[in-house]
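All values derive from a computational prediction rather than experimental measurement. In what follows, chains carry the letters A, B, and so on, assigned in the order in which the sequence lines appear, proteins first and then strands, with residues in each chain numbered from 1.
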Amino acid sequence: MIRTHTCGQLRSDQIAQEVTLCGWVDSYRDHGGGIFIDLRDRYGKTQIVFGPESGAENHELARTLRSEFVISVTGTVAPRPEGTVNPRLATGEIEVRPTRLEILNKSLTPPFQPGGKELPNEDLRLKYRYLDLRRPEMQNTILLRHQIISGMRKYCNELDFVDVETPMLGRSTPEGARDYLVPSRVHNGKFFALPQSPQLYKQILMIAGYDRYVQVARCFRDEDLRADRQPEFTQLDLEMSFVDSSDIIGLIDGLVARLAREVLGQEVKLPLPRMTYDEAMERFGHDAPDLRFGMELVDISDLAREAEFRVFRATVDEGGRVRGINAKGAAAAYSRKGIDELTSYVTQDFGAKGLAWFKVEEGRTLASPIAKNFTPAMLEKIAERMDAAPGDLLLFVADRFEVTCKALYALRKRLGEALKLYDPATMNFSWIVEFPMFAWDEENGCWGAMHHPFTAPRPQDVALLSSDPGKCRAQAYDLVINGTEAGGGTIRIHDPQVQQQVFGLLGITPEQARERFGFLLDALAYGAPPHGGIALGIDRWVMLFGRLDNIRDCIAFPKTQKATDLMTEAPGAVDAKQLRELGIQIRGADGR
RNA sequence: GGGGGUGUAGCUCAGUUGGUUAGAGCGCUAGCCUGUCACGCUAGAGGCCGAGGGUUCGAGUCCCUUCACCCUCGCCA
């Protein structure tokens, strides 16, 4: 070892010891006679002081030090003179008086200071990721990530889970997200696909008798990115045999409580609350509601049916719904212009036809350009239903149920943040359960799997597969943290007949099923135990536990929104020779 | 594919209704300074105003096209 201590380690206990530290020059303050260096490594900072006693040679060399030089310093730990102790530094009671200085490596002037206060633009941070990763904030996040992953591994290990690696080179399945494809050299014209998740493999492992499988698995989806979505991401993937939904949920409850305690120092009450999908859609308009605040959706369809206002009445008559939210005390905060902005938000982004609003005035009268279309009695009924009080802002969307969900969910989320309806430090963990098995796919005119084609229906709903698939509920469960989907899983079908029936509903012919998942169907026929599992989005856990608003900050080397790596400049062109070997020809820009 | 935002010195930003030589803070270079810790002081260097085209006597500023990054709708079983 060429160092005896780290830069975060020394305290008064080590005074008078000779030590050797290595690290990066965080800042240097040259006072002529004395030079002060803050030496930084992953563990902290230590002040190095070059005075006359350091010797002329060392002093001269110290004068040449610049930001981000990597140096090694040997010297004596000394107490700081009275009045110069730095309480903001863990090592602030001492400093090192060097007898030897070695420049291990110089640095170009960095495009930004890792120790600086101003955060540069993100593209610059991504290009010089090695400098960005030196920033204490980034190092904290990477360490948090490590803490979360190792906590997950320890937990699973204690519970007899077996860590099994599954292939990265698999076969493409047209269901679900777009695959990242890898061409085969040996089989020209054929392709592997990178896994969207190890779903099928983990089921096979249950059939193979491993009983409890776990993997920190990298997953790939070639879809457009978002603030909480990367094309490659990491899941804690697990699967268990001989379990039902509540076994999996209970297992993850324990993990949540443990990590909340270890990482955040927060006690979480178990069991975590569970809400059905239908209830979530009614109360919040979304299957991952943020339960840190109220402002729930309120249905006034029954009132709207009798209202004089044509827009409301017609919507209900056509089978739609009229629902609203009450932004408590927000009437003053939203001018006509502010409401116009909310209106264009829900109409342009979520397809709502409009946004009806009322400001609640003294005596609980409702003021709005559309108020004249209602009788006073009806306005009073609406106010009553909305629990309105003077100063409130009532917002309504009249539309198809799905549209009211999307628009009001988005409004609630936006208003909750703008009106600071919750403390960003609180953490809310909950489960959404009993998802529908199927969602009607308008585009293809058939049922689509809400989760994936191997999800088991609830035992009491199996008969609905043939009678009313839309009503059939799945043994599926999503973990929601602060309004973000942080994990999801299902109990799987282990009965080949039920599996065939589900394929049929999804429009997958027996031939297609055989071609795509023949191996799974075969395996299911050789003694498959009842099994189920879950996958947790590790990047999102880091984001939520670290209170970050961006998934890129949780990943050491993330991709941009266009799915490129600004540091390595991937993806890049390849040699013509490589393409020839793969039997691949690139089409021109004209598509030929 | 659609909507929105940003782009000016190495970095973070300001730049008026189009008008002389485009500024500030930080960083950088040099000098001075034993107690600083965002050290201080003095001096200096540093600009294709993202790129291309247009309007104009004149464009950082107005118009068109385009590129990059971010947010978002669609998409993400």
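- Arg100(A) is linked by a salt bridge (Lys or Arg N to Asp or Glu O under 4.0 Å) to Glu102(A), counting only residues two or more places apart in sequence or in another chain.
- In this structure, Asn550(A) places its CG atom 14 Å from P of C69(B), rounding to the nearest Å.
- Within the structure, salt bridge (charged side-chain N to carboxylate O under 4.0 Å, His left out) contacts touching residues 25-34 of chain A (residues at least two apart or in different chains) are Asp26(A)-Arg40(A), Asp26(A)-Lys45(A), Arg29(A)-Asp38(A), Asp30(A)-Arg63(A).
- Taking atom NZ on Lys562(A) and atom P on A68(B), their separation rounds to 5 Å, with Å as the unit.
- Checking the phosphate oxygens (OP1, OP2) of A38(B), a side-chain nitrogen or oxygen of Arg88(A) falls inside 4.0 Å.
- The nearest heavy atom of RNA chain B to Gln348(A) and to Pro120(A) marks one nucleotide each, and the one closer to the 5' end goes with Gln348(A).
- Shown for residues 487-498 of chain A: no residue has heavy atoms falling under 4.0 angstrom of RNA chain B.
- Side-chain N/O atoms of Ser67(A) and Gln113(A) include a donor and acceptor closer than 3.5 Å.
- With a cut-off of 3.5 Å on both pairing distances, C75(B) has no Watson-Crick or G-U wobble partner at all.
- Under the ring pair (Phe, Tyr, Trp, His ring centres under 6.0 Å) criterion, the residue pairs touching residues 32-56 of chain A are His31(A)-Phe36(A), with sequence neighbours excluded.
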Give me the distances for all protein-to-nucleotides 25-27 of chain B N/O pairs that come in under 3.5 Å?
residue	atom	partner	partner atom	Å
G25(B)	N2	Glu118(A)	OE1	3.3

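- Within the shown strands, C32(B) is the pairing partner of G40(B) under the Watson-Crick or G-U definition, both distances less than 3.5 Å.
- Between the side chain of Asp224(A) and the base of C76(B) there is no donor-acceptor pair of N/O atoms closer than 3.5 Å.
- For Arg29(A), no side-chain nitrogen or oxygen approaches OP1 or OP2 of U36(B) to under 4.0 Å.
- Residue pairs satisfying the ring pair (Phe, Tyr, Trp, His ring centres under 6.0 Å) criterion with at least one member in residues 469-510 of chain A, sequence neighbours excluded, are listed as follows: Phe503(A)-Phe517(A).
- Nucleotide C70(B) holds its C1' atom 15 Å from the CZ atom of Arg229(A), rounded to whole Å.
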Cut-off 3.5 Å, no hydrogens considered: what does the side-chain donor-acceptor table look like for residues 478-490 of chain A, sequence neighbours left out?
residue	atom	partner	partner atom	Å
Asn482(A)	OD1	Asn428(A)	N	2.7
Thr490(A)	OG1	Arg492(A)	NH1	2.5

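- There is no side-chain donor-acceptor pair under 3.5 Å between Gln501(A) and Gln497(A).
- For Phe69(A) and Tyr28(A), the gap between ring centers reaches or exceeds 6.0 Å.
- Separating the C1' atom of U6(B) from that of U42(B) is a span of 37 Å, rounded to the nearest Å.
- Counting only residues at least two apart or in different chains, salt bridge (charged side-chain N to carboxylate O under 4.0 Å, His left out) contacts with residues 497-517 of chain A comprise Glu175(A)-Arg516(A), Arg514(A)-Asp522(A).
- Within the 6.0 Å centre-distance limit, the rings of Phe454(A) and His452(A) are counted as a close aromatic pair.
- Proximity of residues 34-48 of chain A to RNA chain B (heavy atom under 4.0 angstrom from any strand atom) is restricted to Gly34(A), Phe36(A), Asp38(A), Gln47(A).
- Aromatic stacking is not marked for His31(A) over U36(B), as the cut-offs of 5.5 Å for the centres and 30° for the planes do not both hold.
- In this structure, NE2 of His59(A) is placed 12 Å from P of G35(B), rounded to the nearest angstrom.
- For the residue pair Gln215(A) and Tyr213(A), a side-chain donor N or O sits within less than 3.5 Å of a side-chain acceptor on the partner.
- Atom pair Phe50(A):CZ and C33(B):C1' shows a separation of 18 Å (rounding to whole Å applied).
- Here the separation of U21(B) from A38(B), taken at their C1' atoms, is 33 Å to the nearest Å.
- Residue pairs that meet the side-chain hydrogen bond (donor to acceptor under 3.5 Å, both in side chains) test with at least one member in residues 408-421 of chain A, sequence neighbours left out, do not exist here.
- In this model, no donor atom of one side chain and acceptor atom of the other lie less than 3.5 Å apart for Gln230(A) and Asp539(A).
- For RNA chain B, the residues of residues 122-132 of chain A within the heavy-atom distance limit of 4.0 Å (strictly under) are Glu122(A), Asp123(A), Leu124(A), sorted by number.
- Along RNA chain B, the nucleotide nearest Arg552(A) and the nucleotide nearest Arg221(A) are compared for position; the residue whose nucleotide lies closer to the 5' end is Arg552(A).
- Residue pairs meeting the salt bridge (charged side-chain N to carboxylate O under 4.0 Å, His left out) criterion with at least one member in residues 106-118 of chain A: none, sequence neighbours excluded.
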